[in-house]
Every structure is written in structure tokens, then in C-alpha cells.
There are 2 protein chains.
Amino acid sequence: MPASKLYLAVIGVGGVGAAFLSQLAHLPASLRPTLIFVSRSSKQLYTPSYDAVSASDLNSSTSKLLSIPDLTSYLSSAPGKAILVDNTSNQDVANAYPSFLRKGISVVTPNKKAFSSNLQLWTDIFDAVESSDGQALIYHESSVGAGLPVISTLKDLVATGDQVTRIEGVFSGTMSFLFNSFAPADGSGKGKWSEIVAQAKEAGYTEPDPRDDLNGMDVARKLTILARLAGLKVQGPESFPVQSLIPKELESAKSSDEFMQRLPEFDGEMEAYKDEAAKAGKVVRYVGSVDVGAGKVKVGLETVDQGTPIASLRGSDNLICFYTKRYGANPLVIQGAGAGGEVTAMGVTADLIKAVERLR
Amino acid sequence: MPASKLYLAVIGVGGVGAAFLSQLAHLPASLRPTLIFVSRSSKQLYTPSYDAVSASDLNSSTSKLLSIPDLTSYLSSAPGKAILVDNTSNQDVANAYPSFLRKGISVVTPNKKAFSSNLQLWTDIFDAVESSDGQALIYHESSVGAGLPVISTLKDLVATGDQVTRIEGVFSGTMSFLFNSFAPADGSGKGKWSEIVAQAKEAGYTEPDPRDDLNGMDVARKLTILARLAGLKVQGPESFPVQSLIPKELESAKSSDEFMQRLPEFDGEMEAYKDEAAKAGKVVRYVGSVDVGAGKVKVGLETVDQGTPIASLRGSDNLICFYTKRYGANPLVIQGAGAGGEVTAMGVTADLIKAVERLR
């Protein structure tokens with residue numbers, strides 16, 4: 001079956017979505033399903049007769065808005081198998097994955113929320129895939145580490161019978177950038193903690209409100225996903241210790257601006273962490289880890305030896321170590337940019353290709 | 001279609017083959033094809049009526065030996081799609097891949113020779129896959145870096161339209177071990193070059209004849225594969241500069257023993273390399289690289305800065321850096337054990353799962 005007999009719906013045309021659509025346009029026809037639906041928050045473009053649509057016409061579309069159940073019906077009635085690419089981080093869309101999958105619609109997505117919210121949603125998603133007997137697939141490489149081959153590697157390790165004993169690393173490009181600047185392995189440092197946060201915000205390395213990075217929840221979501229893939233029944237990102245870098249006193253700050261203004265009051269605390277680590281020949285990093293045997297997940301500041309891969313990270317790179325029975329003392333390590341529209345979209349596009357190869 | 005309607009032939013039951021068969025036995029039935037043929041150099045086990053066989057019965061088998069063309073006919077006449085797992089490093093079997101593939105038989109293998117010999121064989125293999133329209137697949141993750149996700153990552157980068165500009169790394173577990181011992185990043189060192197080679201041979205880190213590692217051809221074959229995947233038409237592993245660590249004067253040594261006896265005569269030369277590098281704050285490593293833009297591949301000794309990932313490698317780990325347009329200045333890096341029966345078999349088993357998921 002040629003790929004054109006597969007049908008594609010794309011939700012979200014922001015940074016990742018736009019990069020994905022551009023990568024999609026460059027795929028060979030044999031791997032490119034027919035685009036029949038594209039949407040952003042307040043616009044949708046599709047035809048009742050499943051004609052091919054062009055994402056560039058979305059802005060001028062007058063298509064009547066479909067609810068998620070309507071979209072599910074629309075796609076499940078397509079004249080061929082349908083694949084939904086969800087490029088949002090929307091919880092409502094994520095909640096609908098089980099119903100899409102039960103209707104035979106495959107899902108490809110970087111949306112972390114689908115895999116890191118309550119455990120029931122996770123179970124519902126993978127039960128639906130399992131009982132579809134290969135008709136409805138799910139791929140979510142970019143939900144951790146963007147295009148880095150993190151999810152696929154962990155799945156391969158588990159599927160081939162290796163025992164993953166420990167997963168450890170730096171899972172946030174923002175946190176990586178902040179600590180590689182604040183406490184580089186060479187012992188220098190580019191300023192006070194609050195100054196570095198301000199610079200990172202300025203340069204677009206943080207969310208518009210840096211507290212959305214500093215609360216650690218993004219990392220906690222990624223660890224939830226990895227821990228579950230490694231076999232742990234983690235209830236959610238709030239079910240294990242996550243160290244927030246938002247000082248208690250600033251939790252009630254009413255705005256991002258107020259938070260940034262008062263952050264310098266806490267520079268001494270971070271400086272003390274850094275100095276204490278330095279005295280022991282170490283550096284401070286924001287690390288996430290899963291101890292599979294002990295069933296423990298945690299996220300927070302750790303001091304790591306200089307010369308280790310985590311201490312030597314550069315820029316906003318992520319680094320993920322898989323310790324397994326087969327790999328022994330030296331882990332399997334994956335390192336590189338773990339955020340950004342193009343590399344996130346790359347993970348989505350590569351997943352789409354895998355889905356097309358299995359479904360066509 | 002359940003996986004049991006897929007048929008599996010396994011050639012080679014040595015280190016990798018035995019580990020593969022053990023991993024295969026632990027796969028869920030939904031992913032495990034029916035084993036109908038298993039062989040080692042002088043024994044084969046199969047039945048004319050495609051009954052399931054057990055690898056443990058191979059030694060006592062009295063099956064008449066099939067030639068490669070006979071095996072091709074046997075598998076192409078199976079009552080369902082057939083997958084051949086070649087766990088050998090045999091050139092004759094590799095040469096037959098195009099004919100297997102043209103008959104609709106998929107191939108999963110760690111056999112480097114199929115992908116690193118003459119360019120015509122490469123072209124024939126991938127032409128056969130292409131024209132099979134998804135019926136005959138080829139997977140060869142373990143042909144570079146064993147179970148590390150090297151081939152799949154490079155294929156994903158290329159397929160999604162990234163521009164791979166440079167590939168660089170340490171591609172031999174043996175070379176990694178030798179240089180990490182001879183010239184560790186901390187400036188110490190565990191003895192003279194010839195002593196370290198002798199110790200590595202003793203510990204089983206080298207081929208029985210260490211010259212088979214020291215000639216660099218294993219690394220050259222891996223670079224050939226990666227360069228071709230990145231789009232370069234490399235004629236073969238002898239078509240670019242490969243620095244052999246066998247001293248010219250010892251090329252005529254008649255035996256491995258004679259070679260090892262005379263190797264100490266050349267310790268001064270290696271020591272000089274090491275000292276010169278150390279003066280510049282560097283260490284010596286055996287590095288392979290592909291400069292995609294310039295179309296250049298090379299393999300040999302290089303001096304690398306202390307503190308870089310390549311300098312900091314431990315044990316017999318491999319390290320592969322992909323520099324691409326999307327990833328920018330900091331490469332996508334994959335690191336870990338790149339040799340050993342279990343991790344090589346893991347790459348084969350993971351590939352088999354992918355093939356089964358597409359074919360069933």
C-alpha cells in the first residue's frame with residue numbers, strides 16, 4: 001500500500017509543529033501520508049470528503065471546528081488508516097489518546113503530558129495499542145530528550161530482555177545551560193545565580209516565566225516516563241521527591257517580574273552549594289535518576305565529580321545514562337541537544353516514518 | 001498476522017549467535033517467528049516441511065547440507081514470510097543478501113562485510129530492498145557499535161532531512177581499551193605499548209591475532225558503512241587512508257607469536273607519540289572520521305584535547321559523535337560498549353523485533 005493511502009492529521013503548528021510540517025514536506029512520497037486535517041488553537045482545516053489539504057491554508061480556513069470526539073469519528077471513518085500527530089503539550093488532547101487508539105488511529109507525539117500524568121492514562125494508552133493487534137501504534141520519542149534516541153533505546157533494552165538497573169542524567173536543556181554557566185567543570189563561572197537565570201531568560205533559554213523550568217516539573221515528567229518504561233508503576237510526577245529551585249519565600253510571588261526581582265536575595269544559598277561542592281572537587285548539577293531495583297525516582301541538585309560526563313556537559317545539552325546488566329559498569333550514554341523546534345520535530349518525523357512503514 | 005506465521009532462519013551459533021538465540025527464546029510469542037533453520041559452519045538443522053526446530057538439536061542433526069542457493073529456495077518457499085538472521089562475519093553469506101532479498105527474504109545481521117565490501121554489493125542490497133516494496137527488509141544495527149543505537153540514529157537523521165556534516169569517534173572496543181590504558185586522560189599510563197597489547201591479548205580484549213585489530217581494518221569497515229549511510233559513495237575500506245599500527249618491519253612476521261615478540265622494538269615510537277601529545281596537553285587516540293562535505297574518510301592516530309569526550313573514554317567503550325546542521329556546534333553523542341556477545345546480540349534482537357512488527 002502506498003503511503004498516500006494513509007491519512008494524516010496534525011494538531012499544533014507552533015515551533016515544533018511548523019518544523020515538523022517542513023520536514024514532512026521533504027519526505028519522499030512513499031513515506032508521506034495524505035494530510036487531511038491540520039489545526040491550531042482556534043482554527044481547523046479539513047474537508048468532509050477527506051481531500052488533501054495544505055497547512056498554509058490554515059489561517060484562511062473556514063472549516064467548522066470539530067470537538068475531539070468529532071475528530072475521532074472523522075479520522076476513524078477515513079478511507080484508509082489514520083495517523084494523528086499531536087505537536088501540542090495539551091492535556092485534553094493527551095487524554096483523548098486512548099479513544100483515538102481504540103478507533104484504530106495511530107498517534108505520534110512529543111506531548112509529555114500523555115505519558116507522565118496519572119498512571120491510568122498511561123495504562124489506557126498502552127492497553128489500547130496492545131489490543132489493536134498492530135493496527136493502532138503509538139510513538140513518542142520526543143517526549144524525552146527531543147530527537148535524541150532515548151525512548152527507542154530504552155524500549156529496545158527492555159524488549160530484548162536486558163535489565164535496566166539505573167537511569168541517570170541531565171534532562172532539561174534549561175537546567176543544563178543554567179548550571180553549565182553557573183558552575184562549569186573548569187571551576188570558573190559566569191556570575192551570580194540570579195544573573196545567570198536573568199541572562200538565560202533574556203536569551204530565550206527558559207520558558208517565558210522561568211519558574212516553569214525552576215520548579216523541576218518538566219524534568220519530573222520525563223523521569224516519570226522513563227521510570228514507567230523501565231517497569232516502575234510511578235503514579236505521576238508528584239509522587240516522588242522533586243527539588244524545586246524556587247525558594248519557598250518566592251512561591252507566592254505574583255508575577256515572573258516580582259520573582260526575578262527578588263531572586264538575588266537567594267544568591268548566597270546557591271553560591272554556598274557551589275562552593276561546598278568545589279571544595280570536594282565537584283560541581284553542582286540538576287540531576288534526575290531512576291533506581292529501578294529500589295523503585296526510587298528523584299529529581300534535584302546533586303554534586304558530581306569533575307571529569308564525569310555529567311560535569312563536563314556543555315551548552316544546553318542533555319545527557320542520559322542507562323546502566324544495565326548487559327552494559328555493566330560503563331553505561332550506555334546518549335548526549336546532545338534535548339530541546340528546540342527542529343530536533344524535537346526530527347523525533348516526531350522519524351517516529352512518523354516508523355509508523356508509516358508498519359501501517360502502509 | 002501472528003509472528004508464528006513468520007519463519008526464521010539463523011546462521012551462526014557462536015558468541016553472538018548463542019546470545020541471540022537466548023534472547024530470542026525470551027521474546028513474547030507475538031514477536032517470535034517460528035525457527036525453521038539453524039546452522040553453524042558444518043551442521044544444519046531443518047525439515048523439508050518447515051517444522052519448528054530447536055537450536056539445541058543442531059549438534060545431533062543429520063539434515064543434508066543446503067548450499068546458499070538451496071537455502072534461498074527453501075526459505076522463499078516457506079508458507080509465510082521468512083527472515084534470515086546472519087550472525088556470522090562470513091563474506092559468502094553476505095554476498096548472497098541481494099538474492100535472499102530479491103526472493104522476499106528479510107535479513108537481520110551484525111555482519112559488517114555485507115555493508116563495507118565493494119560498493120556494488122551495497123547497491124545491490126539496498127536496490128533489492130527498495131524494489132521489494134516493503135516485503136524484504138534489511139536491518140544491521142550491530143554492524144557498527146554493536147547494540148548502541150548508531151545505525152538507526154544516523155538513518156533517522158538522514159531520513160528526516162538533517163544534514164550530517166561530520167561523524168567522528170572511537171569505533172573499536174579493542175583500540176579504545178589499548179589507548180585508554182596506554183595514555184589515560186589523567187596522564188598516568190599502565191606500561192609500555194607492547195605490554196599493554198600483550199595484556200589485552202591475554203584478557204581476550206583483542207582478536208586471537210592482535211594484528212587483526214591493529215591493522216585498523218575493522219574500524220575502516222565501520223567508517224565505510226557510516227560514510228555510505230551519510231551519502232558518500234565510498235568504494236570500500238581500502239579506498240581511504242587507514243593508519244595501521246602494525247610497524248612496517250613486522251608486516252612480514254610469520255605468526256602472531258613472532259609479531260608479539262618483536263613488538264617491544266617499536267615501543268619507543270609509540271612512547272614518542274604519547275609524550276609529544278602530553279606536552280601539548282593532549283592524549284593519543286585511534287580515531288575514525290567522515291567529513292561528509294569534503295567527501296573524506298580517514299582512520300588513524302590523532303591527538304585529542306584532554307577533557308573532551310573522546311579523551312575521557314573508559315574501558316573498551318566506543319564513542320560516536322554526529323555533527324549535523326540541526327544539532328549545531330555540540331554533536332549528538334552515543335557512547336558505551338561497542339563489542340561483546342550480549343550487546344551485539346541485543347542489536348540483532350531489537351532489529352528482529354522491528355522486522356517482525358513490520359512484516360506480521
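All values derive from a computational prediction rather than experimental measurement. Sequence lines set the chain letters: A, B, ... in the order given, protein chains first and strands last, and positions in each chain run from 1.
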*In terms of heavy-atom pairs under 4.5 Å, which option from A:Thr153, A:Asp162, A:Leu148, A:Ile353 contacts chain B the most?*
A:Leu148
*Flag side-chain contact, heavy atom, 4.5 Å: B:Arg326 against A:Gln23*: yes
*Portion of B:Lys354 that has a non-hydrogen atom of chain A nearer than 4.5 angstrom*: side chain
_Residue A:Lys325 versus chain B: region with a heavy atom under 4.5 Å_ = neither
*Side-chain touch A:Leu154/A:Ile167, heavy atoms, less than 4.5 angstrom*: yes
_Quick check: closest heavy atoms across B:Gly288 and B:Phe171, and the distance to 0.1 Å?_
O-CE1, 3.5 Å
_Within the 4.5 Å heavy-atom criterion, are A:Ser143 and A:Ile151 side-chain neighbours or not?_
yes
_Can you tell me which of B:Gln306, B:Glu342, B:Glu357 forms the most heavy-atom pairs within a distance under 4.5 Å of chain A?_
B:Glu357
*Main-chain N/O of B:Tyr323 paired to B:Thr165 side chain as donor or acceptor, under 3.5 Å*: yes
*Tell me, side chain or backbone of A:Ile334 under 4.5 Å from chain B's heavy atoms, or both, or neither?*
both
_Out of A:Gly134, A:Ala185, A:Pro331, return the one with the most heavy atom pairs under 4.5 angstrom to chain B._
A:Pro331
*Which bit of A:Asp317 comes within less than 4.5 Å of chain B, counting heavy atoms only: side chain, backbone, both or neither?*
side chain
*Identify which part of A:Leu137 has an atom lying under 4.5 Å from any heavy atom of chain B, answering side chain, backbone, both or neither.*
neither
_With a 4.5 angstrom heavy-atom cut-off, is it the side chain or the backbone of A:Leu332 that approaches chain B, or both, or neither?_
both
*Looking only at heavy atoms, what is the nearest atom pair of A:Val348 and A:Ser142, with distance?*
N-OG, 3.6 Å
_When A:Thr349, A:Ile320, A:Asp186, A:Asp156 are compared by non-hydrogen pairs under 4.5 Å with chain B, the top option_ = A:Asp156
*Side-chain heavy-atom pair A:Arg285, A:Asn180 within 4.5 angstrom cut-off*: yes
